[in-house]
Amino acid sequence: MTITFNKESFRGDYSYHNSATAIRRFPFPFDRDEYMYSVNMEPHKGGRPGSVFEARFDVDEHYVAEMEDRAITLSRDPMRCQSLPHMTLAGWDVLELIMTSKAQDYPDLFELHRDGNRWRWVNRPLGIDDTFTFLDETTLPYGPMEYITRQTQGDFAVLDQREGNLWMDAGMVTSQADWSLDFDIGMNFFEWHAPVPRAAEMGIFQRALKFLLNIQQDTPARRLNWTMTVNPRLDTSPETYPEWGPEKRSLTPENLGQKQYLRVELQSFWRLPRSNGLLFPIRCYLISLQDLVTVPKWGRRFHRVIRDLPEDLATYKGFIVNRPMIVDYLSRFDDGAPTSPGIWPD
Amino acid sequence: MTSAHSIASSPRYAPLEPRACSAALMIADDAGMAAIDALIGQNPELGRKATILRIGATAPPDTLPAALDGALSQARMGLQVWLAGSQGLIARAQALLLAAGLPKGAIQSEHRGTAARRMQCVHCKTLAEGVTTDPYTCPGCGRALFVRDHFSARLGAFQGVCIDAETPGDIPEPQELRL
(Lines give C-alpha, C1' and ligand atoms only; values in the text may rest on other atoms or scores of the structure.)
Protein backbone atom coordinates (compact mmCIF):
# COMPACT_ATOMS: atom_id res chain seq x y z
CA MET A 1 0.00 0.00 0.00
CA THR A 2 1.37 3.42 -0.93
CA ILE A 3 -0.02 6.55 0.63
CA THR A 4 0.89 10.01 -0.61
CA PHE A 5 0.65 12.34 2.36
CA ASN A 6 -1.05 15.67 1.74
CA LYS A 7 0.63 18.99 2.43
CA GLU A 8 -2.27 20.78 4.11
CA SER A 9 -3.38 22.75 7.14
CA PHE A 10 -6.24 22.54 9.63
CA ARG A 11 -6.13 26.23 10.60
CA GLY A 12 -5.24 29.56 9.01
CA ASP A 13 -5.67 29.01 5.26
CA TYR A 14 -7.41 25.65 5.82
CA SER A 15 -5.80 23.92 2.87
CA TYR A 16 -7.06 20.50 4.06
CA HIS A 17 -8.54 18.49 1.21
CA ASN A 18 -9.72 14.96 0.45
CA SER A 19 -8.58 13.01 -2.62
CA ALA A 20 -11.12 11.02 -4.64
CA THR A 21 -9.95 7.92 -2.76
CA ALA A 22 -10.41 9.62 0.62
CA ILE A 23 -13.94 10.69 -0.30
CA ARG A 24 -14.83 7.17 -1.39
CA ARG A 25 -13.53 5.66 1.87
CA PHE A 26 -15.09 8.31 4.12
CA PRO A 27 -16.88 6.69 7.09
CA PHE A 28 -20.38 8.01 6.37
CA PRO A 29 -22.14 7.34 9.70
CA PHE A 30 -25.80 7.01 8.71
CA ASP A 31 -27.15 3.58 7.82
CA ARG A 32 -30.69 4.93 7.35
CA ASP A 33 -32.43 8.21 6.55
CA GLU A 34 -32.78 9.32 10.18
CA TYR A 35 -30.60 9.58 13.26
CA MET A 36 -31.10 8.94 16.96
CA TYR A 37 -28.68 7.87 19.68
CA SER A 38 -27.98 4.19 20.03
CA VAL A 39 -25.28 1.96 21.50
CA ASN A 40 -24.15 1.22 17.96
CA MET A 41 -21.20 -1.02 18.81
CA GLU A 42 -19.71 -3.63 16.53
CA PRO A 43 -16.55 -5.75 16.75
CA HIS A 44 -13.45 -3.90 15.53
CA LYS A 45 -12.04 -6.82 13.59
CA GLY A 46 -11.15 -5.35 10.23
CA GLY A 47 -13.59 -4.42 7.50
CA ARG A 48 -13.89 -3.89 3.77
CA PRO A 49 -10.49 -3.69 2.05
CA GLY A 50 -9.49 -0.05 1.67
CA SER A 51 -12.06 1.16 4.21
CA VAL A 52 -11.19 3.01 7.42
CA PHE A 53 -12.22 -0.11 9.33
CA GLU A 54 -9.58 -2.36 7.78
CA ALA A 55 -6.55 -1.52 9.95
CA ARG A 56 -6.59 -1.39 13.73
CA PHE A 57 -5.36 2.23 13.64
CA ASP A 58 -6.16 3.68 10.23
CA VAL A 59 -3.40 5.73 8.57
CA ASP A 60 -4.50 7.92 5.68
CA GLU A 61 -3.32 10.77 3.45
CA HIS A 62 -3.80 13.30 6.27
CA TYR A 63 -1.41 11.56 8.69
CA VAL A 64 1.63 13.82 8.50
CA ALA A 65 -0.39 17.06 8.44
CA GLU A 66 -2.49 15.94 11.41
CA MET A 67 0.62 15.22 13.47
CA GLU A 68 1.98 18.66 12.59
CA ASP A 69 -1.30 20.21 13.70
CA ARG A 70 -1.18 18.26 16.99
CA ALA A 71 2.34 19.55 17.65
CA ILE A 72 1.16 23.15 17.11
CA THR A 73 -1.76 22.69 19.52
CA LEU A 74 0.45 21.08 22.17
CA SER A 75 3.03 23.86 21.92
CA ARG A 76 0.27 26.40 22.58
CA ASP A 77 -1.44 24.38 25.33
CA PRO A 78 0.55 21.50 26.86
CA MET A 79 -2.43 20.56 29.07
CA ARG A 80 -4.11 18.90 26.08
CA CYS A 81 -2.02 15.88 27.01
CA GLN A 82 -2.28 14.74 30.62
CA SER A 83 -1.83 11.55 32.57
CA LEU A 84 -2.63 11.15 36.27
CA PRO A 85 0.23 9.52 38.19
CA HIS A 86 -1.30 6.02 38.35
CA MET A 87 -1.74 5.85 34.55
CA THR A 88 1.87 5.43 33.40
CA LEU A 89 1.61 1.64 33.07
CA ALA A 90 -1.52 2.07 30.94
CA GLY A 91 0.53 4.47 28.81
CA TRP A 92 3.02 1.67 28.10
CA ASP A 93 0.09 -0.60 27.21
CA VAL A 94 -1.05 2.03 24.70
CA LEU A 95 2.42 2.37 23.21
CA GLU A 96 2.76 -1.38 22.76
CA LEU A 97 -0.71 -1.81 21.26
CA ILE A 98 -0.22 0.95 18.71
CA MET A 99 3.34 0.03 17.76
CA THR A 100 2.63 -3.66 17.26
CA SER A 101 -0.60 -2.94 15.34
CA LYS A 102 0.93 -0.34 13.03
CA ALA A 103 4.04 -2.41 12.32
CA GLN A 104 1.85 -5.37 11.32
CA ASP A 105 -0.82 -3.41 9.42
CA TYR A 106 1.56 -0.99 7.64
CA PRO A 107 4.94 -2.76 7.33
CA ASP A 108 6.12 -0.35 4.63
CA LEU A 109 5.55 2.64 6.95
CA PHE A 110 6.38 1.37 10.45
CA GLU A 111 8.80 -1.16 11.96
CA LEU A 112 9.09 -2.47 15.49
CA HIS A 113 12.11 -4.58 16.47
CA ARG A 114 12.02 -6.09 19.95
CA ASP A 115 14.96 -7.65 21.76
CA GLY A 116 13.68 -8.26 25.26
CA ASN A 117 12.88 -4.81 26.64
CA ARG A 118 15.18 -3.15 24.09
CA TRP A 119 12.85 -1.83 21.38
CA ARG A 120 13.59 -0.04 18.12
CA TRP A 121 10.72 1.91 16.55
CA VAL A 122 10.89 3.19 12.98
CA ASN A 123 8.25 5.63 11.73
CA ARG A 124 9.08 6.43 8.09
CA PRO A 125 6.42 9.08 7.34
CA LEU A 126 7.58 11.18 10.32
CA GLY A 127 11.30 10.33 9.96
CA ILE A 128 11.63 8.75 13.42
CA ASP A 129 14.05 5.94 14.31
CA ASP A 130 14.25 5.59 18.11
CA THR A 131 15.65 2.88 20.34
CA PHE A 132 14.38 2.74 23.92
CA THR A 133 13.82 0.45 26.89
CA PHE A 134 10.24 -0.72 27.29
CA LEU A 135 8.80 0.33 30.71
CA ASP A 136 11.66 2.80 31.30
CA GLU A 137 10.31 6.32 30.86
CA THR A 138 13.75 7.90 31.00
CA THR A 139 14.60 6.39 27.60
CA LEU A 140 11.84 8.28 25.72
CA PRO A 141 11.57 12.02 25.02
CA TYR A 142 7.98 12.05 26.41
CA GLY A 143 5.87 9.77 28.58
CA PRO A 144 4.87 6.61 26.70
CA MET A 145 1.30 7.70 25.92
CA GLU A 146 2.39 11.13 24.71
CA TYR A 147 5.24 9.66 22.68
CA ILE A 148 3.10 7.30 20.64
CA THR A 149 0.02 9.52 20.36
CA ARG A 150 2.13 12.32 18.90
CA GLN A 151 2.56 9.79 16.08
CA THR A 152 -1.01 8.48 15.79
CA GLN A 153 -4.05 10.19 14.28
CA GLY A 154 -7.06 10.75 16.50
CA ASP A 155 -7.60 11.74 20.10
CA PHE A 156 -7.01 9.23 22.88
CA ALA A 157 -8.70 8.85 26.23
CA VAL A 158 -7.16 6.28 28.54
CA LEU A 159 -9.67 4.98 31.05
CA ASP A 160 -8.99 3.37 34.41
CA GLN A 161 -11.48 0.69 35.42
CA ARG A 162 -12.47 0.54 39.11
CA GLU A 163 -15.57 0.62 41.30
CA GLY A 164 -17.65 -0.70 38.40
CA ASN A 165 -16.97 2.45 36.40
CA LEU A 166 -14.52 3.93 33.90
CA TRP A 167 -12.46 6.97 34.87
CA MET A 168 -10.89 9.28 32.33
CA ASP A 169 -7.50 9.50 33.98
CA ALA A 170 -5.24 10.18 30.98
CA GLY A 171 -5.56 11.47 27.45
CA MET A 172 -4.19 13.19 24.36
CA VAL A 173 -6.92 15.46 23.07
CA THR A 174 -6.22 17.99 20.31
CA SER A 175 -8.94 17.27 17.73
CA GLN A 176 -12.03 17.20 19.90
CA ALA A 177 -15.63 18.11 19.29
CA ASP A 178 -15.81 20.80 21.97
CA TRP A 179 -14.85 19.08 25.22
CA SER A 180 -11.95 19.76 27.55
CA LEU A 181 -9.62 17.03 28.79
CA ASP A 182 -8.17 19.47 31.31
CA PHE A 183 -11.64 19.94 32.82
CA ASP A 184 -12.90 16.38 32.47
CA ILE A 185 -9.78 14.46 33.56
CA GLY A 186 -10.53 12.35 36.64
CA MET A 187 -14.26 12.12 35.89
CA ASN A 188 -16.17 8.86 35.62
CA PHE A 189 -18.19 7.74 32.59
CA PHE A 190 -21.44 9.39 33.69
CA GLU A 191 -19.80 12.62 34.79
CA TRP A 192 -17.91 13.33 31.58
CA HIS A 193 -21.02 12.58 29.50
CA ALA A 194 -23.20 14.79 31.71
CA PRO A 195 -23.57 17.63 29.16
CA VAL A 196 -24.97 15.30 26.44
CA PRO A 197 -28.73 15.92 26.14
CA ARG A 198 -31.35 13.18 26.19
CA ALA A 199 -29.00 10.15 26.07
CA ALA A 200 -28.91 9.60 29.85
CA GLU A 201 -32.69 9.39 30.15
CA MET A 202 -32.70 6.95 27.22
CA GLY A 203 -30.43 4.66 29.26
CA ILE A 204 -27.69 4.94 26.65
CA PHE A 205 -24.86 5.49 29.12
CA GLN A 206 -25.88 2.68 31.47
CA ARG A 207 -25.92 0.21 28.58
CA ALA A 208 -22.76 1.54 26.98
CA LEU A 209 -20.84 1.36 30.27
CA LYS A 210 -21.98 -2.21 30.87
CA PHE A 211 -20.73 -3.14 27.41
CA LEU A 212 -17.39 -1.36 27.82
CA LEU A 213 -16.63 -2.82 31.26
CA ASN A 214 -16.79 -6.26 29.68
CA ILE A 215 -14.49 -5.65 26.72
CA GLN A 216 -11.77 -8.28 26.60
CA GLN A 217 -8.26 -8.13 25.17
CA ASP A 218 -9.14 -10.01 21.99
CA THR A 219 -12.47 -8.29 21.34
CA PRO A 220 -11.98 -4.60 20.57
CA ALA A 221 -15.15 -2.77 19.56
CA ARG A 222 -15.98 0.32 17.53
CA ARG A 223 -18.77 2.77 16.76
CA LEU A 224 -19.25 5.93 14.72
CA ASN A 225 -20.30 9.29 16.11
CA TRP A 226 -20.71 12.58 14.26
CA THR A 227 -21.08 16.32 14.47
CA MET A 228 -20.69 19.35 12.19
CA THR A 229 -17.76 21.75 11.92
CA VAL A 230 -17.32 24.93 9.90
CA ASN A 231 -13.93 24.79 8.18
CA PRO A 232 -11.70 21.69 8.37
CA ARG A 233 -10.50 22.45 11.87
CA LEU A 234 -9.25 19.69 14.17
CA ASP A 235 -8.86 21.89 17.25
CA THR A 236 -12.47 22.72 18.07
CA SER A 237 -11.82 22.74 21.80
CA PRO A 238 -13.67 24.82 24.39
CA GLU A 239 -10.30 26.39 25.20
CA THR A 240 -10.02 27.92 21.72
CA TYR A 241 -13.75 28.57 21.16
CA PRO A 242 -13.16 32.34 20.86
CA GLU A 243 -10.93 31.54 17.82
CA TRP A 244 -13.29 29.25 15.94
CA GLY A 245 -16.66 30.45 17.24
CA PRO A 246 -16.84 33.42 14.83
CA GLU A 247 -16.15 31.08 11.89
CA LYS A 248 -19.44 29.31 12.59
CA ARG A 249 -21.19 32.54 11.59
CA SER A 250 -19.21 32.93 8.37
CA LEU A 251 -21.36 30.59 6.26
CA THR A 252 -23.24 31.93 3.27
CA PRO A 253 -25.34 30.02 0.72
CA GLU A 254 -22.45 30.53 -1.71
CA ASN A 255 -19.60 29.20 0.46
CA LEU A 256 -21.50 26.56 2.44
CA GLY A 257 -20.64 23.55 0.29
CA GLN A 258 -16.98 24.36 0.66
CA LYS A 259 -16.87 25.49 4.32
CA GLN A 260 -19.37 23.24 6.09
CA TYR A 261 -17.89 19.88 7.06
CA LEU A 262 -19.39 16.69 8.36
CA ARG A 263 -17.15 15.55 11.21
CA VAL A 264 -17.18 11.82 11.92
CA GLU A 265 -15.55 10.09 14.86
CA LEU A 266 -14.45 6.50 14.53
CA GLN A 267 -14.39 5.49 18.17
CA SER A 268 -12.78 2.23 19.20
CA PHE A 269 -12.34 0.47 22.53
CA TRP A 270 -9.40 -1.69 23.56
CA ARG A 271 -8.71 -3.61 26.78
CA LEU A 272 -5.14 -2.97 27.94
CA PRO A 273 -3.32 -6.06 29.20
CA ARG A 274 -1.12 -4.87 32.09
CA SER A 275 -3.20 -2.08 33.57
CA ASN A 276 -6.64 -3.52 32.79
CA GLY A 277 -7.42 -0.02 31.56
CA LEU A 278 -9.40 0.75 28.42
CA LEU A 279 -8.01 2.69 25.48
CA PHE A 280 -10.61 4.89 23.78
CA PRO A 281 -9.29 6.34 20.51
CA ILE A 282 -11.52 8.97 18.90
CA ARG A 283 -10.42 9.34 15.29
CA CYS A 284 -11.75 12.37 13.43
CA TYR A 285 -12.61 12.36 9.71
CA LEU A 286 -13.68 15.55 7.95
CA ILE A 287 -15.50 15.92 4.63
CA SER A 288 -16.90 19.08 3.02
CA LEU A 289 -20.53 18.93 1.98
CA GLN A 290 -19.56 19.58 -1.64
CA ASP A 291 -17.40 16.43 -1.55
CA LEU A 292 -19.99 14.45 0.38
CA VAL A 293 -22.73 15.03 -2.18
CA THR A 294 -20.56 13.56 -4.95
CA VAL A 295 -21.86 10.25 -3.60
CA PRO A 296 -25.54 10.50 -4.58
CA LYS A 297 -26.81 8.21 -1.83
CA TRP A 298 -25.01 10.22 0.84
CA GLY A 299 -26.36 13.53 -0.48
CA ARG A 300 -29.95 12.26 -0.40
CA ARG A 301 -29.65 10.67 3.01
CA PHE A 302 -27.72 13.46 4.71
CA HIS A 303 -30.38 15.97 3.64
CA ARG A 304 -33.07 13.88 5.31
CA VAL A 305 -31.05 13.30 8.50
CA ILE A 306 -30.21 16.97 9.00
CA ARG A 307 -33.70 18.17 8.08
CA ASP A 308 -35.39 15.82 10.57
CA LEU A 309 -32.91 15.91 13.47
CA PRO A 310 -34.56 16.88 16.80
CA GLU A 311 -33.84 20.44 17.83
CA ASP A 312 -31.95 19.60 21.04
CA LEU A 313 -29.52 17.37 19.14
CA ALA A 314 -28.90 20.04 16.50
CA THR A 315 -28.25 22.50 19.31
CA TYR A 316 -25.86 20.15 21.12
CA LYS A 317 -24.02 19.41 17.89
CA GLY A 318 -23.63 23.14 17.45
CA PHE A 319 -25.22 23.82 14.06
CA ILE A 320 -28.75 24.93 14.98
CA VAL A 321 -28.16 28.50 13.73
CA ASN A 322 -26.94 27.24 10.36
CA ARG A 323 -29.42 24.39 9.91
CA PRO A 324 -31.87 26.18 7.57
CA MET A 325 -29.03 27.13 5.22
CA ILE A 326 -27.54 23.62 5.35
CA VAL A 327 -30.88 21.95 4.67
CA ASP A 328 -31.47 24.35 1.79
CA TYR A 329 -28.09 23.45 0.28
CA LEU A 330 -28.53 19.70 0.73
CA SER A 331 -32.10 19.68 -0.61
CA ARG A 332 -30.65 20.30 -4.07
CA PHE A 333 -29.07 16.86 -3.93
CA ASP A 334 -32.16 14.98 -2.75
CA ASP A 335 -34.48 13.92 -5.56
CA GLY A 336 -36.67 11.95 -3.15
CA ALA A 337 -35.48 8.57 -4.45
CA PRO A 338 -35.28 5.71 -1.94
CA THR A 339 -31.85 4.96 -0.45
CA SER A 340 -30.29 1.54 0.02
CA PRO A 341 -29.70 0.21 3.57
CA GLY A 342 -26.25 0.57 5.15
CA ILE A 343 -23.55 3.22 5.07
CA TRP A 344 -21.73 2.28 1.85
CA PRO A 345 -21.99 4.11 -1.47
CA ASP A 346 -24.09 2.28 -4.12
CA MET B 1 -31.28 32.20 35.70
CA THR B 2 -29.38 28.97 36.09
CA SER B 3 -30.01 26.25 38.63
CA ALA B 4 -27.55 23.60 39.78
CA HIS B 5 -27.91 19.85 40.33
CA SER B 6 -29.33 19.23 36.86
CA ILE B 7 -26.76 16.93 35.24
CA ALA B 8 -24.71 13.91 36.24
CA SER B 9 -21.50 15.81 36.92
CA SER B 10 -23.18 18.37 39.20
CA PRO B 11 -22.35 18.04 42.90
CA ARG B 12 -24.91 16.26 45.05
CA TYR B 13 -25.71 17.60 48.49
CA ALA B 14 -27.66 15.90 51.23
CA PRO B 15 -28.35 16.74 54.86
CA LEU B 16 -25.35 15.78 56.99
CA GLU B 17 -25.74 12.53 58.89
CA PRO B 18 -23.77 11.07 61.77
CA ARG B 19 -21.56 8.16 60.78
CA ALA B 20 -19.23 5.90 62.77
CA CYS B 21 -15.63 7.04 62.52
CA SER B 22 -12.24 6.94 64.22
CA ALA B 23 -11.87 10.70 63.85
CA ALA B 24 -14.15 13.51 62.68
CA LEU B 25 -13.33 16.64 60.72
CA MET B 26 -15.98 19.31 60.12
CA ILE B 27 -15.48 22.31 57.87
CA ALA B 28 -18.04 25.07 57.58
CA ASP B 29 -18.49 28.73 56.78
CA ASP B 30 -20.85 31.01 58.68
CA ALA B 31 -23.94 29.82 56.85
CA GLY B 32 -22.86 26.20 57.16
CA MET B 33 -22.42 26.24 60.94
CA ALA B 34 -26.15 25.69 61.41
CA ALA B 35 -25.83 22.40 59.56
CA ILE B 36 -22.87 21.38 61.76
CA ASP B 37 -24.85 22.33 64.87
CA ALA B 38 -27.76 20.19 63.67
CA LEU B 39 -25.40 17.27 63.00
CA ILE B 40 -23.86 17.48 66.47
CA GLY B 41 -27.33 17.87 67.95
CA GLN B 42 -28.15 14.43 66.53
CA ASN B 43 -24.99 12.93 67.99
CA PRO B 44 -23.23 14.89 70.75
CA GLU B 45 -20.50 12.22 70.99
CA LEU B 46 -19.47 13.10 67.41
CA GLY B 47 -19.17 16.74 68.44
CA ARG B 48 -16.82 15.85 71.29
CA LYS B 49 -14.32 14.08 69.03
CA ALA B 50 -14.63 16.46 66.06
CA THR B 51 -12.09 18.98 64.85
CA ILE B 52 -14.12 21.91 63.53
CA LEU B 53 -12.60 24.34 61.03
CA ARG B 54 -14.75 27.43 60.70
CA ILE B 55 -13.87 29.37 57.57
CA GLY B 56 -15.10 32.90 57.10
CA ALA B 57 -15.96 34.72 60.32
CA THR B 58 -12.74 34.18 62.21
CA ALA B 59 -10.54 32.77 59.46
CA PRO B 60 -10.53 34.21 55.92
CA PRO B 61 -11.29 31.73 53.07
CA ASP B 62 -7.69 31.60 51.76
CA THR B 63 -6.61 29.96 55.02
CA LEU B 64 -8.42 26.75 54.02
CA PRO B 65 -5.48 24.86 52.44
CA ALA B 66 -3.16 25.51 55.38
CA ALA B 67 -5.85 24.71 57.94
CA LEU B 68 -6.71 21.50 56.09
CA ASP B 69 -3.05 20.50 55.89
CA GLY B 70 -2.79 20.94 59.64
CA ALA B 71 -5.88 18.85 60.31
CA LEU B 72 -4.86 16.11 57.88
CA SER B 73 -1.30 15.86 59.17
CA GLN B 74 -2.69 13.98 62.18
CA ALA B 75 -5.33 12.05 60.24
CA ARG B 76 -5.69 8.29 60.56
CA MET B 77 -7.63 5.56 58.79
CA GLY B 78 -11.34 5.89 59.45
CA LEU B 79 -11.47 9.69 59.23
CA GLN B 80 -14.85 11.04 58.19
CA VAL B 81 -15.35 14.59 56.94
CA TRP B 82 -18.45 16.77 57.01
CA LEU B 83 -18.60 19.94 54.87
CA ALA B 84 -21.27 22.63 55.10
CA GLY B 85 -21.69 26.04 53.58
CA SER B 86 -21.30 27.66 50.18
CA GLN B 87 -20.80 25.65 46.98
CA GLY B 88 -17.34 27.19 46.69
CA LEU B 89 -16.24 26.15 50.18
CA ILE B 90 -17.53 22.60 49.71
CA ALA B 91 -15.93 22.28 46.27
CA ARG B 92 -12.55 23.62 47.36
CA ALA B 93 -12.46 21.52 50.51
CA GLN B 94 -13.53 18.39 48.61
CA ALA B 95 -10.93 18.92 45.89
CA LEU B 96 -8.19 19.30 48.54
CA LEU B 97 -9.43 16.22 50.43
CA LEU B 98 -9.59 14.07 47.28
CA ALA B 99 -6.12 15.23 46.26
CA ALA B 100 -4.90 14.23 49.74
CA GLY B 101 -6.20 10.73 49.06
CA LEU B 102 -9.45 10.67 51.03
CA PRO B 103 -12.11 8.45 49.43
CA LYS B 104 -15.16 10.29 48.12
CA GLY B 105 -17.40 8.10 50.29
CA ALA B 106 -15.80 9.49 53.45
CA ILE B 107 -16.94 13.04 52.65
CA GLN B 108 -20.46 14.35 53.20
CA SER B 109 -21.56 17.82 52.22
CA GLU B 110 -24.57 20.05 52.78
CA HIS B 111 -25.10 23.25 50.88
CA ARG B 112 -26.13 26.26 52.96
CA GLY B 113 -26.23 29.90 52.05
CA THR B 114 -26.20 31.60 48.67
CA ALA B 115 -26.34 30.15 45.15
CA ALA B 116 -22.88 31.55 44.42
CA ARG B 117 -20.62 29.16 42.51
CA ARG B 118 -16.91 28.57 42.16
CA MET B 119 -16.08 28.77 38.45
CA GLN B 120 -13.14 27.96 36.20
CA CYS B 121 -12.68 29.85 32.93
CA VAL B 122 -12.09 27.17 30.29
CA HIS B 123 -10.07 29.64 28.21
CA CYS B 124 -7.53 31.16 30.64
CA LYS B 125 -8.17 28.66 33.50
CA THR B 126 -8.64 31.40 36.10
CA LEU B 127 -10.73 30.31 39.10
CA ALA B 128 -13.38 32.75 40.28
CA GLU B 129 -14.84 32.44 43.77
CA GLY B 130 -18.40 33.32 44.69
CA VAL B 131 -19.80 33.92 41.21
CA THR B 132 -23.42 35.08 41.56
CA THR B 133 -24.46 35.90 37.99
CA ASP B 134 -24.71 34.23 34.59
CA PRO B 135 -22.89 35.41 32.55
CA TYR B 136 -20.04 36.68 34.72
CA THR B 137 -16.84 38.49 33.82
CA CYS B 138 -13.69 36.38 34.10
CA PRO B 139 -11.24 38.07 36.50
CA GLY B 140 -8.38 36.57 34.44
CA CYS B 141 -9.13 37.31 30.78
CA GLY B 142 -12.11 39.67 31.08
CA ARG B 143 -14.35 37.55 28.83
CA ALA B 144 -18.07 37.26 29.55
CA LEU B 145 -18.58 33.62 30.54
CA PHE B 146 -21.65 31.44 30.41
CA VAL B 147 -22.13 29.43 33.66
CA ARG B 148 -22.37 25.75 32.71
CA ASP B 149 -23.72 23.07 35.03
CA HIS B 150 -20.75 20.83 34.13
CA PHE B 151 -18.70 20.38 37.32
CA SER B 152 -15.21 19.01 37.98
CA ALA B 153 -14.75 17.59 41.48
CA ARG B 154 -10.98 17.51 40.90
CA LEU B 155 -10.88 21.26 40.25
CA GLY B 156 -13.76 21.97 42.60
CA ALA B 157 -15.34 24.24 40.02
CA PHE B 158 -18.05 24.63 37.42
CA GLN B 159 -17.05 25.46 33.85
CA GLY B 160 -17.28 28.96 32.40
CA VAL B 161 -17.37 29.32 28.60
CA CYS B 162 -17.21 32.49 26.50
CA ILE B 163 -20.82 33.47 25.85
CA ASP B 164 -20.22 35.71 22.83
CA ALA B 165 -17.58 33.67 20.99
CA GLU B 166 -19.75 33.34 17.88
CA THR B 167 -21.11 36.88 17.99
CA PRO B 168 -18.48 39.04 19.73
CA GLY B 169 -19.98 41.79 21.83
CA ASP B 170 -23.44 40.22 21.96
CA ILE B 171 -23.63 39.64 25.72
CA PRO B 172 -26.98 39.08 27.44
CA GLU B 173 -27.90 40.91 30.62
CA PRO B 174 -26.45 39.02 33.64
CA GLN B 175 -29.03 37.08 35.64
CA GLU B 176 -28.75 36.16 39.32
CA LEU B 177 -27.92 32.49 39.86
CA ARG B 178 -30.62 30.60 41.72
CA LEU B 179 -30.44 27.50 43.85
Side-chain angles (χ1 to χ4, degrees), chain A residues 76-80 82 84-86 162-163 165 167-169 173 176 178-201 203-206 209 230 236-251 315-316 318-322, chain B residues 2 4-12 91 94-106 118-128 135 137-138 140-171:
Chain A
R76 295 180 65 199
D77 182 2
M79 301 308 267
R80 301 298 187 86
Q82 294 191 49
L84 297 182
H86 60 281
R162 61 179 192 272
E163 300 169 27
N165 212 323
W167 302 81
M168 191 186 296
D169 286 346
V173 180
Q176 69 270 51
D178 203 8
W179 65 278
S180 168
L181 173 72
D182 185 49
F183 193 80
D184 287 1
I185 192 167
M187 290 189 189
N188 71 33
F189 192 75
F190 300 114
E191 291 168 344
W192 87 68
H193 282 115
V196 182
R198 202 193 276 244
E201 62 217 57
I204 295 287
F205 298 130
Q206 289 284 358
L209 177 62
V230 175
T236 50
S237 63
E239 278 83 356
T240 56
Y241 184 36
E243 294 173 25
W244 54 269
E247 297 177 6
K248 283 174 69 175
R249 307 297 179 115
S250 68
L251 287 185
T315 302
Y316 174 64
F319 66 93
I320 190 79
V321 292
N322 292 322
Chain B
T2 306
H5 325 307
S6 54
I7 59 174
S9 59
S10 306
R12 300 280 188 274
Q94 183 177 274
L96 291 164
L97 290 163
L98 293 175
L102 220 74
K104 218 169 179 173
R118 188 165 188 256
M119 302 292 306
Q120 189 204 40
C121 171
V122 77
H123 312 293
C124 77
K125 310 294 182 181
T126 298
L127 286 159
T137 303
C138 176
C141 64
R143 290 189 176 95
L145 303 181
F146 165 60
V147 173
R148 290 188 81 192
D149 284 331
H150 199 29
F151 179 79
S152 163
R154 185 184 66 95
L155 298 169
F158 289 89
Q159 189 177 59
V161 180
C162 182
I163 199 165
D164 62 335
E166 296 182 25
T167 51
D170 185 3
I171 299 167

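Just the heavy atoms: all of them, side chains too, but no hydrogens, waters or symmetry mates, feed the values below. Chain identifiers are assigned alphabetically (A, B, ...) following the order of the sequence lines, protein sequences preceding nucleic acid strands; residue numbering begins at 1 within each chain. These numbers were taken from a predicted model, which means no experiment stands behind them.
- The part of B:Q120 that comes within reach of chain A is its side chain, from C-beta onward, which places non-hydrogen atoms under 4.5 angstrom from that chain.
- Interface residue B:V122: backbone and side-chain heavy atoms are both found under 4.5 Å from chain A.
- Taking OG of B:S152 as the reference point, atom CH2 of A:W192 lies at 13.5 Å (rounded to 0.5 Å).
- In terms of heavy-atom proximity, A:P242 sits nearest to B:A165 at CA-CB, 4.0 Å.
- Among all heavy-atom pairs drawn from A:F183 and B:F158, the shortest one is CZ-C, 3.8 Å.
- One finds the SG atom of B:C162 at 13.0 Å from the CD atom of A:E239 (value rounded to the nearest 0.5 Å).
- Interface summary for chain B: among A:P195, A:G186, A:S180, A:S250, the most heavy-atom pairs under 4.5 angstrom belong to A:P195.
- Taking every heavy atom of both residues into account, B:L155 and A:D182 meet most closely at CD1-O, 4.2 Å.
- For A:N188, no part lies under 4.5 angstrom from a heavy atom of chain B.
- The residue among B:R154, B:H150, B:Q159, B:H123 with the most heavy atom pairs within less than 4.5 Å of chain A is B:H150.
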Would B:R12 and A:E191 count as a salt bridge (charged side-chain N to carboxylate O under 4.0 Å, His left out) here? Give the steps. CA-CA 12 Å; B:R12 300 280 188 274; A:E191 291 168 344; over 6 Å; no
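- Distance check: B:D164 CG to A:Y241 OH gives 9.0 Å after rounding to the nearest 0.5 Å.
- For A:M187 against B:F151, the heavy-atom pair with the smallest separation is CE-O, 3.2 Å.
- One distance of note links CG of A:D77 with NZ of B:K125; it measures 6.0 Å at 0.5 Å rounding.
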